[in-house]
Amino acid sequence: MSEERSLNFLEEIIEDDIRNGKNGGRVLTRFPPEPNGYLHIGHAKSICLNFGIAAKYNGKTNLRFDDTNPTTEDVEYVDSIKKDIQWLGFVWDKELYSSDYFAQLYDFAVELIKHGLAYVEDGSAEEIAFAKGTPTEPGKPTPSRSRSAEENLQLFKEMKEGKYPDGARVLRAKIDLASPNMHLRDPLMYRIKHAYHHRTGDQWCIYPMYDFAHGQSDSIEEITHSICTLEFVPHRPLYEWFIQKLNNFPSKQYEFARLNMNYTVMSKRKLLQLVNENYVSGWDDPRMPTISGLRRRGYTPLSIRNFSERIGIARRENLIDLSLLEFCIREDLNKNAWRRMVVLDPLKLIISNYPEGQTELMEGENNPEMEKGDGFRNIPFSSELWIERDDFMEEPSKKYFRLGPGLMVRLKHAYIVRCDSFVKDASGNVSEVHCTYIPESRSGTDSSGIHVKGTIHWVSAQAAQKAEIRLYDRLFRVEDPGSEDGDFKDYINPDSLTVISKAFIEPDLLNAESGRAYQFIRKGYFSLDSDSKPGKPVFNRTVTLKDTWAKESQK
RNA sequence: UGCCCGAUAGUAUAAUGGUAGUACGACUGUUUUUGGUGCAGUUUGUCUAGGUUCGAAUCCUGGUCGGGCAACCA
């Protein structure tokens, strides 16, 4: 794809490793989601990184569900995650689950206990936290810490056998209660949870914690490069401690900065709130930064992969401009979307010298960016048309290239018309624009010699069909809702969704296919929503076209 | 204020001791039957103070600023 691009720091590490013959030049990464929510664009960055880097170096990528917390996880999420990864265009090598390793992880824990490197703790969560000290004060051992290996073995077995209620005991690694790194102050390895697990059912009542399970799962799979986000940097010494003490395969952890994007939120917790409290219609609401939301909105896998490539990989905090994502989707859709004409805010245009009741079929290319226009469709033309309300101005400004008294425009794929007069309704709004057309100016066979600056889209009033159009804007009013005072939900953009219940669409659009992108000429890119019914299409606006006139007209 | 991570145009990201470049954005111009696209161009940057060096964005030291860490979450 981008042979010229310089290497990011992870690629440099990998090329170094390959050069040094580390792991025999083998590269195996993994994408390790916890199935407790839907994937978002930040995960897409990680997916593209993990799968992309493996592919680049002839390696493979495992999909491993980090399912060690039965109370938050569900198969619904497993299914959606798999669907999203496939949709993005990636193929994993093995589909694995941390829960597949529960027996092996238990054995590892037993081994650590035998070596005096882990112990069963009797204290409550509060007592443990208190005894851990603070970042500036060392922790103190709890009474449980000095227990013998034999006793620990027995107690751990009993924990597993369900002899104790939730919270009664935990297993801790015996490391260093005075470590300046809080994660090394005898971290928890196992807790008791009498909970049904979506894969192991009621087989287990003790579940391993992330720090223990994740690294050993990497090790079991012989992952060579375990790539995660920056908040795990302080966990790395612990990651290495477990692997070293157990003498397991030396997977290495590397960290990069997670994606942040302005005007949205990216944490699962916040996204879950938006869903649960009905600020959005669901995980796949087109305003959500989830993969499923972007998909429904009309984003393409390619655009998201290109975006991931363009934002780069580094270790510094970042806040990516939404405009880059929009650039990426426009770039793709401009090349591939079929052009159609749709009037969102209609105004009647009457051509006084065109025979009433006559219909003419105009030819419109599907896509001017493609060879031979990617085919054509017919567009009925008649004496009464709908045009966009803002394509007429009663008192046009100097730089306004559209319709106004005495002004001429081209009707896209049809004739040039001149505005002769207009009619206002009782409340003073323009209700009709009256024009005359230039018969010899028909598109393709124009011999009029007239050059006009503006071209506008239109739909025949007689042949027009109706559709619901949903316009989306940024979900939040502020760049970084999470960093504002108070609740992030206070900053939701009240105009993030505008529904146009009756827009006029050209008849061919009744054949719109879901999964195909359409450019409504001069209005933006749209795709068919899953709420559509036969004869009652619903379109989502994926993104607007760049609009330099909107800026100009505001000056 | 214990430990850790980071700081290059508005936003990202390169330059790996030797000419600070690229993309997005913004702004010009040009092309155009989409005020879209394309094309051409302009604009703006190495957090700070020292040090090492012929030469520092890069190495060292201090400072400043930002982020992370004390869940029976991952």
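Note on naming: letters A, B, ... go to the chains in the order of the sequence lines (proteins, then strands), and numbering restarts at 1 for each one. Quick caveat: nothing in here was measured; it's all calculated off a predicted structure.
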With [atom1] as the reference atom in both, quote the distance from [N] to [M] in angstrom, rounded to an integer.
| N | M | atom1 | value |
| --- | --- | --- | --- |
| B:G45 | B:A40 | C1' | 24 Å |
| B:U64 | B:A14 | C1' | 26 Å |
| B:U30 | B:G36 | P | 13 Å |
| B:A57 | B:U19 | P | 10 Å |
| B:U13 | B:G6 | P | 13 Å |
| B:A56 | B:G67 | C1' | 26 Å |
| B:C24 | B:A20 | P | 23 Å |
| B:C47 | B:C65 | P | 16 Å |

Given [options], identify the nucleotide with an atom nearest to the side chain of [X].
| X | options | result |
| --- | --- | --- |
| A:Lys132 | B:U1, B:A70, B:A14 | B:A70 |
| A:Arg402 | B:U1, B:A23, B:G35 | B:G35 |
| A:Ile311 | B:G35, B:A12, B:C5 | B:A12 |
| A:Leu545 | B:U34, B:G35, B:G6 | B:U34 |

Query raised in the report: Starting at the 5' end of RNA chain B and moving along, which residue's nearest nucleotide shows up first, A:Gly123 or A:Arg442?
Result: A:Arg442
Report summary line: Judged by nearest nucleotide, the residue sitting upstream toward the 5' end of RNA chain B, A:Thr134 or A:Lys546, is A:Lys546
Report summary line: Encoded 5' to 3' (Watson-Crick or G-U under 3.5 Å; [ ] crossing; | other strand), RNA chain B becomes .((((((..((((....[..)))).(((((.......)))))....(((((..]....))))))))))).....
Query raised in the report: Which pairs with one or both residues in residues 232-242 of chain A pass salt bridge (Lys or Arg N to Asp or Glu O under 4.0 Å), sequence neighbours excluded?
Result: A:Arg236-A:Glu255
Students often get this wrong, so: under 4.0 angstrom with heavy atoms, is [X] touching a base, only sugar-phosphate, or nothing?
| X | answer |
| --- | --- |
| A:His235 | base |
| A:Arg339 | base |
| A:Tyr207 | nothing |
| A:Glu255 | nothing |
| A:Phe130 | nothing |
| A:Ile416 | nothing |
| A:Lys193 | sugar-phosphate |
| A:His457 | nothing |
| A:Asp547 | sugar-phosphate |
| A:Ile313 | sugar-phosphate |
| A:Gly524 | nothing |

Requested in this report: Using a strict 4.0 Å threshold on nitrogen-to-oxygen distance, state whether A:Arg377 and A:Glu506 make a salt bridge.
Outcome: yes
Query raised in the report: Can a salt bridge be assigned to the pair A:Glu221 and A:Arg30 using a cut-off of 4.0 Å between side-chain N and carboxylate O?
Result: no
**Report entry** Option passing side-chain contact (heavy atoms from CB on, under 4.5 Å) with A:Arg339 (candidates A:Glu369, A:Glu365, A:His413)
**Finding:** A:Glu369
Ignoring hydrogens and geometry beyond distance, is the side chain of [X] in donor-acceptor contact with the base of [N] at under 3.5 Å?
| X | N | value |
| --- | --- | --- |
| A:Arg310 | B:U13 | no |
| A:Arg410 | B:U33 | yes |
| A:Glu369 | B:G36 | yes |

Report task. Please list, by residue number, the residues of residues 66-74 of chain A whose heavy atoms come closer than 4.0 Å to an atom of RNA chain B; answer none if no residue qualifies. Result -> A:Asp66, A:Thr68, A:Asn69
**Report entry** Proximity to RNA chain B (any heavy atom under 4.0 Å), residues of residues 167-183 of chain A only
**Finding:** A:Gly167, A:Val170, A:Pro180, A:Met182, A:His183
Requested in this report: State whether A:Arg522 places a side-chain N or O below 4.0 Å from either non-bridging phosphate oxygen (OP1 or OP2) of B:G36.
Outcome: no
**Report entry** A:Lys551 vs B:C27: side-chain N/O to OP1/OP2 distance below 4.0 Å
**Finding:** yes
Query raised in the report: Is the aromatic ring centre of A:Trp549 closer than 5.5 Å to the centre of the six-membered base ring of B:G35, with the two planes inclined by less than 30°?
Result: yes
Requested in this report: For the pair A:His194 (side chain) and A:Tyr164 (backbone), establish whether a donor and an acceptor sit closer than 3.5 Å, ignoring hydrogens and angles.
Outcome: yes
Requested in this report: Report yes or no: does A:Asn152 contribute a side-chain atom to a donor-acceptor pair with the main-chain N or O of A:Val120 at less than 3.5 Å?
Outcome: yes
Ring centres under 6.0 angstrom apart ([X], [Y]):
| X | Y | result |
| --- | --- | --- |
| A:Tyr239 | A:His235 | no |
| A:Tyr190 | A:Tyr207 | no |
| A:Tyr437 | A:Tyr415 | yes |

Query raised in the report: A:Arg522 pairs by salt bridge (Lys or Arg N to Asp or Glu O under 4.0 Å) with which of A:Asp390, A:Asp547, A:Asp391?
Result: A:Asp391
Report task. Starting at atom CG of A:Leu188, determine the distance to atom P of B:A74, rounded to an integer number of angstrom. Result -> 10 Å
Report all interatomic pairs (protein N or O, nucleotide N or O of nucleotides 60-67 of chain B) with separations under 3.5 Å.
from: B:G67; atom 1: O2'; to: A:Glu317; atom 2: OE2; distance (Å): 3.2

Query raised in the report: For every nucleotide of nucleotides 41-48 of chain B, 5' to 3': is a protein heavy atom under 4.0 Å from its base (B), only from its sugar-phosphate (S), or from neither (-)?
Result: --------
